[in-house]
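First, the structure itself, so that you have it in front of you.
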Amino acid sequence: MLFKEYLIGRKSTREYSSKKVETERIQQLKFAAKEVTEKIGSNLIGFEFFENGDDIYEKLEGRGGYSGVMIKSPHYFGVKMANDEKETRIKAAYAMQSVLKAAFELGIGTCWVDISNVPHSLELELAGDEEHIVNYLFALGYPKEKSFFDFKSKISAIAGINKFDIKRELKSEGSSRLPISELVYLDKWGENAEYETLEQWGLDELFYHLRNAPSHMNAQPWRFVLDNDVIKLGMLRPNDEANLTDIGIMMYLFEGLANEMGMKETWTIDISEICEDHGEAYQLVAVFDM
């Protein structure tokens, strides 16, 4: 499945049927997890599959969940991290999102579960050893809503997208999401890039599809700086742990879209010092060579 199709069709599942996911499909997800683990480095992250969803639900009820409500599902997947540093958190979120996409392609519902506030002892317990913690978890199963994956009409709309549609959306106002023209800077932080600049760089369609990228509370904490032949990725409110998750997700989705459009590079994490612009704290965290 193309990334632009996934971005249009993706949706979190909050309610699951009791049906277990077939072993063959679980094995496919484990293979996807293995692939991204090898890409990032097994010394930093690993995956843990929890077959018995009831057991995890009981441990996390009242402690974790989505917007404070624990999600009940037949299974869960977690990412084990060797440390709690920013770079590791970003890479773990990147890895988790790759498995979420694989689950969607298999017709399996998922939903991020926030466990950032659970006791450290429980993070260790979920990891199964004393050398790692689990700080990223997602629910896994079949949605109760049968029409969940019926998004053919949305997907078919992609073929009809033209430059006028893209230009209109990039500048749109009144949406719950910021227009891309306010999320992409030219040369320096805070200098908004015009649509014509994105078109010159060949990035207009890329950012058009990235408008559908998810973020906690739809906060869109990312900013992009077009600087000569590189794209720098910045993060607002750099001490907010939820933003590290969103940055990792964005890096994965951006990279996948860019690769499909012929840009075969990958992000390089390069975390700078925290800066401030007009009273707003931000931090540059990664670079993408064009």
Side-chain angles (χ1 to χ4, degrees), residues 1-40 42 45-57 60 65-66 70-80 91-115 126 134 136-159 209-210 212-215 245-246 248-260:
M1 176 183 288
L2 295 175
F3 274 79
K4 57 186 177 182
E5 295 176 346
Y6 171 62
L7 277 166
I8 287 178
R10 53 156 295 279
K11 180 181 179 183
S12 292
T13 300
R14 310 287 161 70
E15 294 186 56
Y16 295 83
S17 72
S18 58
K19 179 184 177 181
K20 300 284 187 179
V21 177
E22 297 85 351
T23 300
E24 180 182 352
R25 294 191 178 189
I26 294 298
Q27 291 301 322
Q28 288 178 275
L29 290 182
K30 288 182 177 180
F31 179 76
K34 181 176 181 291
E35 279 192 318
V36 73
T37 299
E38 291 176 350
K39 176 180 178 179
I40 290 176
S42 57
I45 66 164
F47 280 85
E48 193 76 18
F49 173 65
F50 301 100
E51 173 73 30
N52 187 353
D54 289 338
D55 182 47
I56 300 300
Y57 178 80
L60 294 178
Y66 183 88
M70 184 54 194
I71 305 295
K72 184 176 178 61
S73 65
H75 317 289
Y76 297 87
F77 246 100
V79 173
K80 299 164 61 170
K91 288 182 175 180
Y94 176 107
M96 182 74 91
Q97 189 61 40
S98 72
V99 180
L100 287 171
K101 181 175 182 288
F104 187 85
E105 291 172 340
L106 291 169
I108 304 169
T110 60
C111 181
W112 282 82
V113 176
D114 180 13
I115 59 172
L126 291 171
V134 169
Y136 291 103
L137 194 73
F138 69 85
L140 180 75
Y142 290 110
K144 281 187 176 180
E145 183 184 349
K146 292 184 179 180
S147 62
F148 178 81
F149 293 99
D150 183 19
F151 57 93
K152 291 182 179 179
S153 60
K154 291 183 178 180
I155 298 303
S156 63
I158 291 176
H209 292 298
L210 283 175
N212 294 305
S215 60
T245 306
D246 292 339
I249 294 171
M250 170 55 74
M251 287 173 61
Y252 172 75
L253 297 173
F254 180 104
E255 196 174 283
L257 279 168
N259 289 172
E260 287 177 354

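For the numbers below, each heavy atom of this structure counts, side chains included, while hydrogens, waters and symmetry mates do not. Numbers here simply count residues along the sequence, with the first being 1. Here the structure is a predicted model, which means the values were calculated and not measured.
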Here the pair of heavy atoms bringing Thr37 nearest to Ile45 is CG2-O, 3.5 Å

Taking it one step at a time, do Phe254 and Tyr94 satisfy ring-ring contact (aromatic ring centres under 6.0 Å, His included)? CA-CA 11 Å; Phe254 180 104; Tyr94 176 107; over 10 Å; no

Between the CG atom in Leu137 and the SG atom in Cys111, the distance rounded to the nearest 0.5 Å is 10.5 Å

For residues Phe49 and His75, establish whether the separation of their ring centroids is below 6.0 Å.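 Yes, the ring centres sit under 6.0 Å apart.
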
Looking only at heavy atoms, the pair that brings Ala32 and Val99 closest together is C-CG2, 4.5 Å

Q: Look up atom CD1 in Ile71 and atom OG1 in Thr110, then write down how far apart they are to the nearest 0.5 Å.
A: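 Interatomic distance, Ile71 CD1 to Thr110 OG1, rounded to 0.5 Å: 11.0 Å.
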
Shortest non-hydrogen pair, Ser73 vs Tyr16, comes out as CB-CD1, 3.6 Å

Looking at CD1 of Ile108 and CG of Leu100, how far apart are the two atoms once the value is rounded to the nearest 0.5 Å?
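It is 11.0 Å, given to the nearest 0.5 Å.
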
Within a strict 4.5 Å, meaning less than it, do heavy atoms of the Phe50 and Tyr57 side chains meet?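 In short, these two side chains do not touch, never coming nearer than 4.5 Å.
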
| message | Do Lys19 and Pro74 have side chains that approach each other closer than 4.5 Å (heavy atoms only, starting at C-beta)? | response |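 Result no, sub-4.5 Å side-chain heavy-atom pair not found.
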
**Asked** Would you say the side chain of Val79 lies within less than 4.5 Å of the side chain of Phe47, judging by non-hydrogen atoms?
**Response**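 Side chain of Phe47 against side chain of Val79, heavy atoms only: contact under 4.5 Å found.
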
Interatomic distance, OG1@Thr13 vs CZ@Phe104, rounded to 0.5 Å, equals 9.0 Å

Are Ile56 and Val113 side-chain neighbours, meaning at least one heavy-atom pair lies under 4.5 Å?
no

For a quick test of reading the model, state the closest non-hydrogen atom pair linking Leu29 to Leu106 and the distance between them.
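Looking at all heavy atoms of both residues, the shortest contact is CD2-CD1, 3.8 Å.
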
Smallest heavy-atom separation, Leu140 atom then Ile26 atom, equals CD2-CD1, 3.8 Å

Calculate, to the nearest 0.5 Å, the distance between atoms OG and OH belonging to Ser17 and Tyr142 respectively.
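Rounded to the nearest 0.5 Å, the OG-OH separation comes to 8.5 Å.
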
Item to complete: Flag the pair Thr23 / Gln27 as yes when at least one side-chain heavy-atom distance between them is below 4.5 Å, and no otherwise.
Response: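 With C-beta onward as the side chain, the pair touches.
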
- Side chain proximity check, Lys30 to Lys34, heavy atoms < 4.5 angstrom: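 Sidechains of Lys34 and Lys30: no contact.
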
Next on the checklist: Are Trp112 and Gln97 packed together at the side-chain level, in the sense that at least one heavy-atom pair is separated by less than 4.5 angstrom?
Outcome noted: yes

Subject >> Lys39 bridged to Glu255 by N-O distance under 4.0 Å >> reply: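 The answer is yes: the pair qualifies as a salt bridge.
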
Item to check | Side-chain (Lys101) to main-chain (Leu253) donor-acceptor, under 3.5 angstrom | outcome: no

Under a 4.5 Å cut-off applied to non-hydrogen side-chain atoms, are Tyr6 and His209 in contact?
-> no

Q) Between the side chain of Glu48 and the main-chain N/O of Val134, is any donor-acceptor distance below 3.5 Å? A) no

Rounded to the nearest 0.5 Å, the OH atom of Tyr252 sits from the CG atom of Leu257 at a distance of 10.0 Å

Taking every heavy atom of Val21 against every heavy atom of Gly141, the minimum-distance pair comes out as CG2-CA, 3.9 Å

Practice task
Quick one: do Lys72 and Asp54 satisfy side chain to side chain contact (heavy atoms under 4.5 Å, CB included)? Show the steps, please.
Solution key: CA-CA 8 Å; Lys72 184 176 178 61; Asp54 289 338; 3.0 Å; yes

